[in-house]
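Small disclaimer: the values here were computed from a predicted structure and weren't measured. Every heavy atom of this structure was used, including side-chain atoms; hydrogens, water molecules and symmetry mates were not.
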Amino acid sequence: MSLFNYREFFSHDLEQLHQEGRYRTFADLEREMQSGIHAYDHRIGRRITIWCSNDYLAMGVHPDVVNAARAALEQYGAGAGGTRNISGTGHEHVLLERELADLHRKEAALLFTSGYVANDAALSSLGRLLPSSVIFSDELNHASMIEGIRRSGAEKRIFAHNDWHDLERQVASVCKYRPKLICFESCYSMDGDFAPMEAICDVAARHNAFTYVDEVHAVGLYGARGAGVAERDGVLDRIDMVQGTLSKGFGSIGGYIAGSREAVDFIRSHAPGFIFSTALPPSVVAGIRAALRHLKEDGTARRTLARRAVSLKEKMLANGIPVLPSPSHILPVMIGEASLAKAITDRLMTEDGIYIQPINYPTVPRGTERLRITPTPLHTDEDENALIAALVSARTAFPRWSALAELARSARPAEIAEAVE
């Protein structure tokens, strides 16, 4: 028997990804700060327009944000110097946590190095340490939530997506004295739909459950001050713990939770993902604070993005582009096959200078592959028209697209969890 060949194993696995059209190729981008939506791609040697950025409001290139980060870099240096427990807590961190707590009308907040880490650390700690707890999770929750729940070791129940009736049926079946966590997202990143926030909060109230909501794709974008869908829907005070990111609406990097003083301190004291991670650089934190202040006071970017999303969606529908009827800023265009999604996006990039990353398994279930298009306030009518023309041309070039997309639009796999487990 021969010894295990590690390189051969890795090569075989990668070859399978290539054959399935799921091998992920990175763009090599040099973003233009002046435009915010354009970049030079060193792989293909041309200037391109980005239509898949998570910097939804273009805060990453906002002058106030850049200037605040630059000034803090000169003042504090490049790094935090350690974990939050060992010399890494700077005054910028303290101030940002206060401002995030204020944003969500909570008593306290806690910073993490990413939104993924925030979910993983908070949910794994809550489920592990709350005695005999049961976690109820929406079937389309993000991989970070699923991983945190899995690592917690707590009993897990999956409820049908956005179906508060199914949620209530399952919650009611559990002993009323057991701790219960209801975990869901406010805006789902792949379908672009919103959760029925008030109805879920009503279920939680009737059964003494703890509400945990991921507002990653909503903070900065919805609500009068950008606190997310909970603020927009008037249920901020009914959410026990909010999780958010600093990399999307606020245009930087990092994540956080906000809640009661005791709940946040509990996570601070027990979550390894917080305790053993180096703190965010103070310059980054200072830039985030500038973005947060701006979006609390000025809703212009939110309104401009909303108008652009509506306009683009209307043109897609008018031109037969198979976009899902999402009510949010996220526009999922269905493809239905990994290799086809890659072929379409390769064509868009090389022929039209339009960058959209294909979304394949395991991010979404097989058969529901898609393009995830995210406009920004900086895209113009000219950019929009160029995108529509390129998509129409691609649809003509790939006749199979329409039939596959129709199947993908109607697909609701029985086991959605396959996409993330």
Can you check side chain to side chain contact (heavy atoms under 4.5 Å, CB included) on E185 and V216, steps first, answer last? CA-CA 8 Å; E185 298 182 39; V216 159; over 6 Å; no

For R308 and D381, run salt bridge (charged side-chain N to carboxylate O under 4.0 Å, His left out): C-alpha distance rounded to whole Å, both residues' side-chain angles, the deciding distance at 0.1 Å, then the answer. CA-CA 9 Å; R308 179 61 61 197; D381 290 344; 2.9 Å; yes

List the steps, then state whether salt bridge (charged side-chain N to carboxylate O under 4.0 Å, His left out) holds for D55 with R31. CA-CA 12 Å; D55 187 1; R31 187 183 185 186; 3.0 Å; yes

Evaluate side-chain hydrogen bond (donor to acceptor under 3.5 Å, both in side chains) for D193 paired with S326, printing each intermediate quantity in order. CA-CA 5 Å; D193 54 341; S326 77; over 6 Å; no

Test S393 against R347 for side-chain hydrogen bond (donor to acceptor under 3.5 Å, both in side chains), laying out the working first. CA-CA 10 Å; S393 176; R347 175 190 169 92; 2.7 Å; yes

Side chain to side chain contact (heavy atoms under 4.5 Å, CB included) between I200 and D138, worked out: CA-CA 11 Å; I200 291 176; D138 187 287; 6.0 Å; no

What do the steps show when you test E337 against K342 for salt bridge (charged side-chain N to carboxylate O under 4.0 Å, His left out), and what is the final call? CA-CA 9 Å; E337 184 184 273; K342 186 177 187 307; over 6 Å; no

Please lay out, stage by stage, how H207 and E168 fare under the test side-chain hydrogen bond (donor to acceptor under 3.5 Å, both in side chains). CA-CA 9 Å; H207 298 278; E168 179 141 47; 2.9 Å; yes

In sequence, state the C-alpha distance, the side-chain angles, and the governing distance for T363 and R24, and then conclude on side-chain hydrogen bond (donor to acceptor under 3.5 Å, both in side chains). CA-CA 12 Å; T363 306; R24 301 184 184 211; 3.2 Å; yes

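Between D120 and R151 there is a salt bridge, since a side-chain N of the basic residue sits under 4.0 Å from a carboxylate O of the acidic one. No salt bridge links R232 with E215; every basic N to acidic carboxylate O contact stays at or beyond 4.0 Å. Using a 4.0 Å cut-off between a side-chain N of Lys or Arg and a carboxylate O of Asp or Glu, D102 and R225 qualify as a salt bridge. A salt bridge links D202 with R238; the closest basic N to acidic carboxylate O contact falls under 4.0 Å.
Within the 3.5 Å criterion, the main-chain N or O of I267 finds no donor-acceptor partner in the side chain of H270. Remark: the backbone N or O of S53 is paired with a side-chain donor or acceptor of T374 at under 3.5 angstrom. Remark: side-chain polar atoms of K296 are not paired, donor with acceptor, to backbone N or O of A291 under 3.5 angstrom. Between the R370 side chain and the T368 main chain, a donor and an acceptor come within less than 3.5 Å of each other. Side chain of S328 to main chain of G192: a donor-acceptor pair is present (N/O by atom type, distance under 3.5 Å, no hydrogens or angles). Looking at H93, its side chain does come within 3.5 Å of a backbone N or O of G90 through a donor-acceptor pair. Distance alone, capped at 3.5 Å, places no donor-acceptor pair between the D166 side chain and the F159 backbone. Proximity of a side-chain donor or acceptor of E369 to a complementary backbone N or O of V364 within less than 3.5 Å is not detected. Within the 3.5 Å criterion, the main-chain N or O of A389 finds no donor-acceptor partner in the side chain of N385. Not a single donor-acceptor pair under 3.5 Å links the side chain of S125 to the backbone N or O of A122.
For the atom pair Y188 OH and E139 CD, the distance stands at 9.0 Å (nearest 0.5 Å). Residue D28 holds its CG atom at 10.5 Å from CD1 of I44, rounded to the nearest 0.5 Å. Note that CD1 of I239 is 6.5 Å distant from NZ of K106, once rounded to the nearest 0.5 Å. In this structure, the separation between CH2 on W51 and CG on L348 is 12.0 Å, given to the nearest 0.5 Å. Rounding to the nearest 0.5 Å places CG of L126 at 5.5 Å from CZ of F210. Expressed to the nearest 0.5 Å, how far CG of L378 lies from CG of D383 amounts to 9.5 Å.
Judged purely by distance below 3.5 Å, without hydrogens or angles, the side chains of T278 and R84 never pair a donor atom with an acceptor atom. Y177 and N208 share no donor-acceptor pair across their side chains, judged by distance under 3.5 Å alone. For the residue pair N141/D214, the side-chain donor-acceptor check at 3.5 Å is not satisfied. For the 3.5 Å distance criterion, the side chains of E8 and Y6 fail to qualify, holding no donor opposite an acceptor. S152 and R128 form no side-chain donor-acceptor contact under 3.5 Å, judged by distance and modelled atom types alone. Looking at R372 and N54, their side chains do bring a donor and an acceptor atom within 3.5 Å of each other. Counting only N and O atoms by type, the side chains of E155 and S133 include no donor and acceptor under 3.5 Å apart. Under 3.5 Å, the side chains of Y56 and H217 contain a donor-acceptor pair of N or O atoms. Side-chain atoms of D191 and H161 include no donor-acceptor pair closer than 3.5 Å. Defined by atom type and a distance below 3.5 Å, a donor-acceptor pair is missing between the side-chain atoms of N85 and T83. In summary, the side chains of H329 and Y222 do present a donor paired with an acceptor at a separation below 3.5 Å, with no hydrogens or angles considered.
Atom CD of E107 is surrounded by more than 12 heavy atoms from other residues, nucleotides or ligands within 6.0 Å. Counting non-hydrogen atoms of other residues, nucleotides and ligands closer than 6.0 Å to NE2 of H18 gives a total above 12. With a 6.0 Å radius and a threshold of 12 heavy atoms from other residues, nucleotides or ligands, R261 has its CZ atom at or below the threshold. Atom CG of L129 sits in a crowded spot, with more than 12 heavy atoms from other residues, nucleotides or ligands closer than 6.0 Å. Shown here is I86, whose CD1 atom has no more than 12 heavy atoms of other residues, nucleotides or ligands within 6.0 Å. Shown here is F4, whose CZ atom has more than 12 heavy atoms of other residues, nucleotides or ligands within 6.0 Å. Atom CD of Q19 sits in a crowded spot, with more than 12 heavy atoms from other residues, nucleotides or ligands closer than 6.0 Å.
Contact of the D265 side chain with the R268 side chain is registered, since non-hydrogen atoms from C-beta on lie closer than 4.5 Å. Annotation: side chain of I344 is in contact with side chain of I335 (closest heavy-atom distance under 4.5 Å). Here the side chains of L371 and I359 are not in contact, with every heavy-atom distance at 4.5 Å or above. Under the 4.5 Å side-chain criterion, counting only non-hydrogen atoms from C-beta, Y116 is not in contact with T245.
Across L57 and A301, no two heavy atoms sit closer than the pair CD2-O, 3.7 Å. Nearest heavy-atom pair across R302 and L221 is CD-O, 3.1 Å.
Among the candidates I288, V219, L96, V264, the single residue satisfying the side-chain contact (heavy atoms from CB on, under 4.5 Å) test with Y256 is V219.
For the pair R157 and F136, the cation does not sit on the ring face, since its NZ or CZ is not both under 6.0 Å from the ring centre and inside 45° of the axis.
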